[in-house]
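Taking it in order: structure first as structure tokens, then the write-up.
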Amino acid sequence: MEELREKIKQYRLKFDEAIKNVKTPQELQELRVQFLGRKRGYLTKLIESLRDLSPQQRPLIGKEINELKNYITARLEETAQSMTAVAKRLPGIDITLPGKTLPLGAPHPIIKFQEEIENIFYQMGFSIEDGPEIETDYYNFEALNFPPHHPARDDWDTIYVEGRDDLLLRTHTSPVQIRAMEKKKPPIRIIIPGRVFRKETPDPTHLPMFFQVEGLVVDVGITFAHLKGTLESFLRRLFSERIKIRFRPSFFPFTEPSAEVDISCTVCHGEDSDCRVCRGSGWIEILGAGMVDPQVLKNVNIDPEKYSGFAFGMGIDRTAMFIYQITDMRSFYENDLRFLRQFLKQ
Amino acid sequence: MRISLEWLKDFIELNISPEELIRVLNSIGLVVDEFSWEEGDLVLEIETYANRPDTLGHLGIARELAAVLGQSLKEQQWPLAEISEKTEEVVDVQVFVEELCPRYCGLVVRGVKVGPSPEWLQRRLRAVGLKTINNVVDVTNYVLYATAQPIHAFDLDKLAGRKIIVRQAKKDESFRTLDGTDLQLSPEMMVIADEQKPVALAGIIGGENSAVTEETQDVFIECAYFDPISVRMTAKKLGLQTDASYRFERGADISFPPRGALMVASLLSQFGGKATRGLIDIYPHPRKKKTLILRHHRVHELLGVEVPSEKIESIFQALQFGVETTQPGCWKILVPYHRVDIEREADLIEEVARFFGYDQIPSAFPPLKQLEPPLSPLRKTIQRMRYLLFHYGFNEVLNFSFMSEEDNDCFAQARKPVRLRNPVSSRSALMRTTLLPGLISNVAYNLNRGAEGVHLFEWGKIYFWKNDVTQERLSLGLVSTGWRETKHWSSLREKSDFFWLKGAVEDLFSLLRYEPVNFVQKEHPWCENGLSLIVSYKGEPLGFLGLLREEIGRKYELKQDVWVAEFDIGYLISKQPRAFHFQPVVKFPAVIRDASFLVEAGLPYQQVRSFLESREIPWLEKFELYDRFTGASIPQGKVSLSFRFVFRHPERTLEAEEVDNLMERIIRSLKSEFGFQLREGGKIDK
Ligand SMILES: [Zn+2]
């Protein structure tokens, strides 16, 4: 019995020695036959010699032989695997050849940019609202303090629904302000991104449909200073901490006082009098804003003596054009893959 | 609005540089869009607002500048050459519609020598972009651009009966404008008429029949205030817009007509004109100035800054408002007639803000008193959906919400489309009822530009009528054609096909946890026969996927197979998806059994799948169809389907025998339900 034990030990040493020198799959196969071959393999012989042992001894040695068999099988398998791996790296293949890439789809730049805007406001505690795109005259104009025959309506060229005088394609996202205030009492802190429509013949800077984001904050004690603070921090996050921001008086029927917000030209920094982007003024008009007109608050049964608020609106397409220096707004809706797929990297 | 610096200087002393002038104007909201030097004069293009008709003349701009610069306006003299004749003896003015014409002033100037304007006048008109006509017409235009007050001059001799009647138009009355356009009038329109006929469309345009010409000797000058809504409605209805209507519809200065008439008469005296004595001024109900209350604390409450009382008072004084302290912290403000925009306290506070300076207001962040609701499930689901589709190689596109009648014919459906009354073009005459026309046009566009494979998705609203109410539904459209990837040197590549699109769709709904989504083979009018699946979720139809019908593709100039799909994701997302639960990873090994069957070739796989899913076989973790073939070794009319069944018990290792029994159950049930014949696999040979 001890003799057999010694043999087992010797075979193991012999195998360890032999496997170190194996270089090719063929040599590996020879080694397998030498040890595990059914007829003349060393292990087969060992098993045969079990017959000479007593019935009590057989299982003990049998177990040891089995262990050796498992060991050898595992080492052979391991070596075979590393050999195929090595084979793949065999000399002759130029590993500087291009790798395989996945054909990942690209997001649309407008939607991606809208998402960035939403994220900034989301972090400032705003929630996001939606509303219908086919609107009534009441929500689109009247509730926003555009009386039926007011010339201010001329600034919002409107597309109407056939067969219904009261229905139109919303010209701004502002009607959702009214819908939100009807639905919910202050405090209100929302933004409304979405499609808007104007009767404009397409050209590089005008389209019959584009995207806008509107904002509304209504609460006790909201002031013009809050409007400035909120928009300044939004614009600095969207553009850069270094931009200059200017508020100047303007007019919108639904805000009073109203403001237009300009940022310093990030292309020429106000130093090029022929700058194509700011036309030499050094400033880019980016937002319209103002304190919610008291009449608008009254229209939704919010007491303007108790509550005040501010609202703002920004063209998403126009701002994206400025940020990426895209000169033709129509390129957003041509959906040319050579244009769109660049935004995979953005 | 074009403003000449030289002209402005008639009204105000200006000793600031052009740059400073532009900066100051911007700071009070009079934005200079453009400026240019013309004939040595600085001409500014100023953006004006619908509520500020007072800024539609040089005087108005000068008023604003005087207020911001702390100056006063120059006094102007308008000397008259007069004759003894009384105006009312020369012409009889009657106003029949006082509510539409609350004030009407008139004056006659006799002996005017009509001819070309002098150089100074022509130069002024050139500066604001007007053509010169003759000295009389030029003078009226000059006063309009100087003061924003529209004026009209009639040839006195052409006024039948020397009468001026302000009245409503008669039914079927017609009228030819001085630029030769014939108009059909209706009774809601206001006209200026003589004894017989209309001679002007009130506040909009004069008539050819009473126009001042080279032969004119005596002129009747009209300077009035017409109702803004009446002027606007008439102008809109007739499709006219003139310098006069533009100003009247925004609201003129009702205190101004006498002064305007005198200015014109004075200027005409340069051409030999002599004014009749006594201005006709029909103003039966003089209007009072608006009186408003301004509370000091409201200024602070709205602007967020303390503006001193003295500052507030000086702002209103500079703007020619009356200011009276009624009690501490409270003013009574009298609004000058030219400020038609000021009607409420908020409007006064805007004036304070404008002249205090928007840049003097501090910046603060509004206190966050409550947290707004978290991101809606809709937005979250759409975000996940987009990223899953990007991984499948679909590019996101955006198309206009419109479609054409041709699109509607190609993609006809039961839904009634929303048509537009005044579309931008015939290509956008309707609101889209499906996303596919846009997506398919995008495919054609890209293929024409050399793309080898085009895989696109769009999500957005579609629109239609339902019982006279417009509906807007969020839809998801997918299109796919051509190569799925760029060719790699080491391998072959694949083209997009039906099962690739279906796999993407299956994965999409499954990963969004909308399961099970059912696919039923059914014809779809937009797809080739036999190549479309109707997709439903919990029995509700969601949409379809299939191969676009070739004749539709051809209409969009497509010559290759395009796989398309569209789903009502608005409906889907309105439903609660299956909740997400983490499942601990089971440590016990799986037992795997493969089995191949001979099956009737016509049997839809979906039926087999639904059947197996409904069996609830214990410990069957999943099953997969891993092979399907026909051929010489398979009898006619049959196919071979190979399944892999994976069994796993959560708490112990399954015994081989248990699994064999389960497999036997599966095989038996497939045999009895569908007549499956076992080819190989399993451990049972029956
Ligand atoms: Zn610039």
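Given the structure is predicted, the values throughout are model-derived calculations rather than measurements. Note on naming: letters A, B, ... go to the chains in the order of the sequence lines (proteins, then strands), and numbering restarts at 1 for each one.
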statement: Whatever's closer than 4.5 Å to a heavy atom in chain A on V305(B) counts as neither
message: Once rounded to the nearest 0.5 Å, what's the spacing between atom OG of S250(A) and atom OH of Y358(B)?
response: 8.0 Å
- prompt: Do E485(B) and K100(A) sit within salt-bridge range, that is, some charged N less than 4.0 Å from a carboxylate O?
  reply: no
task: Would you check if the distance from the ring center of F197(A) to the ring center of F400(B) is below 6.0 Å?
output: no
- prompt: Do any N or O atoms from the side chain of N395(B) and from the backbone of A106(A) form a donor-acceptor pair under 3.5 angstrom?
  reply: yes
message: Could you check whether D154(A) pairs with K236(B) (Lys NZ or Arg NE/NH1/NH2 to Asp/Glu carboxylate O, under 4.0 Å)?
response: yes
query: Is chain A contacted by the side chain of W483(B), its backbone, both, or neither, given a heavy-atom distance below 4.5 Å?
result: neither
message: Out of R153(A), E260(A), K112(A), R338(A), return the one with the most heavy atom pairs under 4.5 angstrom to chain B.
response: R338(A)
message: Measuring from atom OH of Y392(B) to atom CG of L104(A), what distance do you get when rounded to the nearest 0.5 angstrom?
response: 13.0 Å
field: Option that, when pairs with chain B are counted at under 4.5 Å, heavy atom only, ranks first among L102(A), D165(A), D157(A)
entry: D165(A)
message: Given heavy-atom pairs under 4.5 angstrom as the criterion, report whether the side chain, backbone, both or neither of L378(B) touches chain A.
response: side chain
query: Using a cut-off of under 4.5 Å for heavy-atom pairs, which of R279(A), E200(A), R246(A), E334(A) has the most such pairs with chain B?
result: E334(A)
- prompt: What part of P423(B) gets closer than 4.5 Å to chain A, counting heavy atoms only: side chain, backbone, both or neither?
  reply: backbone
task: Identify the heavy atoms of G453(B) and L337(A) that sit nearest to each other, and give their distance.
output: O-CD1, 4.2 Å
- request: Starting at CG of L420(B), measure out to OH of Y160(A) and round the result to the nearest 0.5 Å.
  value: 12.5 Å
message: If I measure from the heavy atoms of chain A, does P367(B) come under 4.5 Å with its side chain, its backbone, both, or neither?
response: both
statement: Distance col, row I111(A):CD1 vs W459(B):CH2, nearest 0.5 angstrom, shows 5.0 Å
task: Could you tell me whether the side chain of N422(B) and the main chain of T158(A) form a donor-acceptor pair under 3.5 Å?
output: yes
task: Give, as side chain, backbone, both or neither, the part of I28(B) having an atom under 4.5 angstrom from any heavy atom of chain A.
output: backbone
statement: If one checks every heavy atom of R386(B) against chain A at 4.5 Å, the contacting part turns out to be side chain
statement: Bottom line for R232(B): the part with an atom under 4.5 Å from chain A's heavy atoms is side chain
Which atoms of H455(B) approach chain A - backbone, side chain, both or neither, heavy atom under 4.5 Å: neither
Best-contacting candidate, G29(B), S363(B), S27(B), against chain A by heavy atom pairs under 4.5 angstrom: S363(B)
query: Is it the side chain or the backbone of Y387(B) that comes within 4.5 Å of chain A heavy atoms, both, or neither?
result: side chain
field: Non-hydrogen side-chain atoms of L302(B) and S308(A) separated by less than 4.5 Å
entry: yes
statement: In this structure, CD of E133(A) is separated from CD of E472(B) (nearest 0.5 Å) by 5.5 Å
query: Minimum heavy-atom separation for P98(A) to W489(B), with atom names?
result: O-NE1, 2.8 Å
query: Would S401(B) and R195(A) count as having a side-chain donor-acceptor pair, cut-off 3.5 Å?
result: yes
- request: Any pair with a residue in residues 347-364 of chain B that passes salt bridge (charged side-chain N to carboxylate O under 4.0 Å, His left out), sequence neighbours left out, goes on the list, sorted by first then second residue, please.
  value: E64(B)-R354(B), R339(B)-E351(B), R344(B)-D347(B), E351(B)-R354(B)
statement: If you tally heavy-atom pairs under 4.5 Å between each of P103(A), P151(A), G229(A) and chain B, the highest tally belongs to P151(A)
Contacting moiety of F402(B), where chain A heavy atoms sit under 4.5 Å: side chain
query: Which bit of V31(B) is near chain A, if near means a heavy-atom gap under 4.5 Å: side chain, backbone, both or neither?
result: side chain
field: E305(A) with R295(B): basic N within carboxylate O range, under 4.0 Å
entry: yes
- line: Those residues of residues 440-448 of chain B that come under 4.5 Å of chain A on a heavy-atom basis, listed by number, are N442(B), Y445(B), N446(B)
message: A side-chain contact here means heavy atoms from C-beta on lying under 4.5 Å apart; do I361(B) and F247(A) qualify?
response: no
message: Between L456(B) and chain A, with a heavy-atom cut-off of 4.5 Å, which part of the residue counts as in contact: side chain, backbone, both or neither?
response: side chain
query: Where does H391(B) contact chain A at under 4.5 Å (heavy atoms): side chain, backbone, both or neither?
result: both
Separation between CE of M209(A) and OG of S428(B), rounded to the nearest 0.5 Å: 11.5 Å
task: For F365(B) and S233(A), work out which heavy atoms get closest and say how close.
output: CE1-OG, 4.0 Å
statement: Max heavy-atom pairs within cutoff under 4.5 Å with chain B, candidates P202(A), P148(A), P257(A), goes to P257(A)
- prompt: Salt bridge or not for E118(A) and R379(B), using N-O below 4.0 Å?
  reply: yes
- prompt: Where is the tightest heavy-atom contact between H108(A) and E396(B), given as atom of each residue plus distance?
  reply: N-OE1, 2.9 Å
